[in-house]
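These figures come from a predicted structure and were not determined experimentally. Chain A is the first sequence line, chain B the second, and so forth, proteins listed ahead of strands; every chain is numbered from 1.
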Number of protein chains: 2
Amino acid sequence: MSTPRKAPTMADVARLAGVSPMTVSRAFKRDSSVSDATRSAILEAADNLGYVFDSTASNLRSQRTDFVAVTIPSINNANFADTVRGLSDGLKERGLQILLGYTDYDIQEEERLVEQLLRRRPEAIVVTGGRHTPRTRRLLENAGIPVIETWDLPDDPVGHVVGFSNAAAVRTMVDHFVSAKITRIAFIGGDADRDTRGTDRRAGFIAAMQAHGLDADRLIAAGTPPISMREGADAMGRLLDTLPDTQAVICVSDLSAFGALTECQRRGIDVPGQMAVAGFGDYEIAGICVPSLTTIDPQPREIGKRAADLILEVLDGRQSDPATIALEPILMRRLSSP
Amino acid sequence: MSTPRKAPTMADVARLAGVSPMTVSRAFKRDSSVSDATRSAILEAADNLGYVFDSTASNLRSQRTDFVAVTIPSINNANFADTVRGLSDGLKERGLQILLGYTDYDIQEEERLVEQLLRRRPEAIVVTGGRHTPRTRRLLENAGIPVIETWDLPDDPVGHVVGFSNAAAVRTMVDHFVSAKITRIAFIGGDADRDTRGTDRRAGFIAAMQAHGLDADRLIAAGTPPISMREGADAMGRLLDTLPDTQAVICVSDLSAFGALTECQRRGIDVPGQMAVAGFGDYEIAGICVPSLTTIDPQPREIGKRAADLILEVLDGRQSDPATIALEPILMRRLSSP
DNA sequence: CTGAAAGCGCTAACAT
DNA sequence: ATGTTAGCGCTTTCAG
């Protein structure tokens, strides 16, 4: 576990293999021109010495780091994890690694994080959402690398966008209920504007209700984002206590929706007979809970995949203008709604 | 988004501020000796130029990267996410960032990942589990940095350990059932030895049953780890079809346990009356589903926190011998068991 | 296919 | 409190 002596360098490997450091450098690259005999001699020498390639030196000299910076609101969220997985898979073939940071749904924290990440000279940066502090925006604009905003369709993007309209997605859900003659619909979401996607969903709910000429005043504040299952359950409790004639509730996420569902179970309220419930995200739980949960699939993995493709295109010079890729969230009709 | 000209360096900032590059370097460090006037002049000059500190150069020269490498099996798992959060919080105060990679529960992938991570010269490395390929082990042993294995208590640790016995934790659960006179107990887990923690849990189940003189042959293979909610439900279906006199089932994780629970709901099987169900992990869902799920809390956040503390101690020279910190998983008795 | 020279941008070490 | 010198370990560039 401890190596008291200094770690071996390429020069050490070169000496042992009887070649120049430059040849060792080439031997560690994939497609460079080194004879097979020389290469295997070098790799063996390296192995004997316990040599491990030093990226820090390589990064500085070549001005390439081979990683892409990614910020997500929370590491503990299956939707964002799926986006990261899509990104990761898409970038892997090019040898690009992901440097991940999370913002805790806080744009001040995002600012700190983005600066930290940019110091490490990523080849590109992917951020979640389209709302940033002025300084974050300036940092991104001046970074000189591809910038991709995701999970949103910002009015004034910094660079590229791979996302969807959170408001429009919720409108789809409202329409779904209204077409089933359900009109007394509530919304359970965060009580702060911290989570901009949550805020957009609530705004989309209000706008959609008003477009149908319906009251949009059944808004239940469930806590500070991210809203937990427990907070969803508590919010449903308050809704049932204060507005018992409510026919349906749209929740800001599947997690809060599942919490709400369990509260109905505990109180013996039939779902969807007495109360329909809808979520957002199409987390695994939505498909398997009883009754299964009507929700919106925002295609998180696809967001990551498309962002990765876009990054590769831009780095290859195949794409130069800022692109906006708008995905269509999918309404997943299940048993928690009519 | 595009910066055609080259990015400014410390030399540029120094020139504009009328000082030497060394003073600029000091101004960007926290506690270094620069007069307030000089520092603010420098920071202003940097701001005007849009200068962003270049860690790649700093890393090479100072031989410090200020990050800790962490490998986890999956990015989409609340337990591991909690450990990462504990680590992250504990390391943040020292300015250490986390470089995260995931192995997909595959020790071959772990080998690739560990080598990639070590090339970036982390200050320490935290891995999940105690089983590695011989090469991974060699890489870790020779890395010359603190190595911490987590989520397990390996027989022959590489270096430090912060973990718990997966087998002993499941024994606690078996004892819980047996003390309630429940003896026909099944285990739902993975069908491969890919997930070593899952394998240890199954082994712990078998050993505990045998210690009680009970048959340990109700083993249901639910798929390739990680076992999903859906796979847990399917496994429960097979269990009910083939061994209907089973009284209780212990699942390799809360996710599969919840799936199993929903299968009981769909079939009208009363839990825990006809079938008791237990999970592992104390995920949020365990506390809120109906009935709430008896499970084991392995204290994932605490694992991360302790690992972070240990790293700081070792880096400070306050701890030199390999340490093993064994945590005690907590049995969470809830409504899915008697 | 291989090598020699130079230098990436910062900071350790030493000075004052 | 600030400056000077040298060099971290690679790879770019140019040569053969």
Side-chain angles (χ1 to χ4, degrees), chain A residues 3 5-43 45-46 49-67 95 116 118-123 144, chain B residues 3 5-43 45-46 49-66 95 116 118-123 143-144:
Chain A
T3 307
R5 70 188 179 291
K6 238 165 100 346
T9 70
M10 270 191 184
D12 299 318
V13 178
R15 210 168 301 121
L16 184 60
V19 295
S20 75
M22 196 56 238
T23 304
V24 178
S25 173
R26 290 191 178 105
F28 272 89
K29 289 235 160 295
R30 296 194 160 261
D31 53 327
S32 47
S33 49
V34 185
S35 74
D36 284 350
T38 310
R39 170 173 271 127
S40 43
I42 288 171
L43 294 180
L49 289 174
Y51 171 74
V52 176
F53 182 91
D54 188 338
S55 298
T56 67
S58 171
N59 290 341
L60 176 58
R61 176 63 247 223
S62 65
Q63 299 289 78
R64 303 180 24 109
T65 54
D66 289 334
F67 67 60
Q116 284 301 313
L118 290 178
R119 287 177 166 209
R120 298 202 186 264
R121 296 292 189 265
E123 315 283 347
Chain B
T3 307
R5 69 188 180 291
K6 236 165 99 347
T9 70
M10 271 192 184
D12 300 317
V13 177
R15 210 168 300 122
L16 185 59
V19 295
S20 75
M22 195 59 234
T23 304
V24 177
S25 174
R26 290 190 178 107
F28 273 89
K29 292 232 158 297
R30 292 185 165 267
D31 53 328
S32 48
S33 51
V34 184
S35 75
D36 286 349
T38 310
R39 170 172 271 127
S40 42
I42 288 170
L43 294 181
L49 289 173
Y51 171 74
V52 177
F53 183 92
D54 188 336
S55 299
T56 68
S58 171
N59 291 341
L60 175 59
R61 174 65 246 221
S62 64
Q63 300 289 77
R64 301 177 31 94
T65 55
D66 288 335
Q116 282 302 313
L118 291 179
R119 288 177 166 213
R120 298 201 186 266
R121 296 292 188 266
E123 315 284 346

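Judged as a salt bridge (Lys or Arg N to Asp or Glu O under 4.0 Å), and not counting sequence neighbours, B/Arg120 has no contacts. Every residue meeting the side-chain hydrogen bond (donor to acceptor under 3.5 Å, both in side chains) condition with A/Thr23, not counting sequence neighbours, appears here in chain and number order: A/Ser20. For A/Phe53, the ring pair (Phe, Tyr, Trp, His ring centres under 6.0 Å) test picks out no residue, with sequence neighbours left out.
Heavy-atom nearest nucleotides on DNA chain D were determined for B/Thr38 and for A/Asn59, and the one closer to the 5' end corresponds to B/Thr38.
The distance from the CG atom of B/Asp66 to the OG atom of B/Ser58 is 7.5 Å, given to the nearest 0.5 Å. Taking OG from A/Ser33 and CZ from A/Arg39, the interatomic distance works out to 9.0 Å, rounded to the nearest 0.5 Å.
Closest heavy-atom contact between A/Ala11 and A/Pro21: CA-CG, 4.5 Å.
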Using side chain to side chain contact (heavy atoms under 4.5 Å, CB included), reason through B/Thr9 and B/Asp54 one step at a time and then give a plain yes or no.
CA-CA 8 Å; B/Thr9 70; B/Asp54 188 336; over 6 Å; no
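Here A/Ser33 lies in heavy-atom contact (under 4.0 Å) with a base.
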So if I define the base as every atom that isn't primed, P, OP1 or OP2, how would nucleotides 7-16 of chain C read as a B/S/- string at a heavy-atom cutoff under 4.0 Å?
BBBBBBB---
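Sorted pairs that involve residues 19-30 of chain B and meet salt bridge (charged side-chain N to carboxylate O under 4.0 Å, His left out), not counting sequence neighbours, are lacking altogether.
From the 5' end on, the contacts that DNA chain D makes with chain B at under 4.0 Å to a non-hydrogen atom open and close at D/dA1 to D/dG9.
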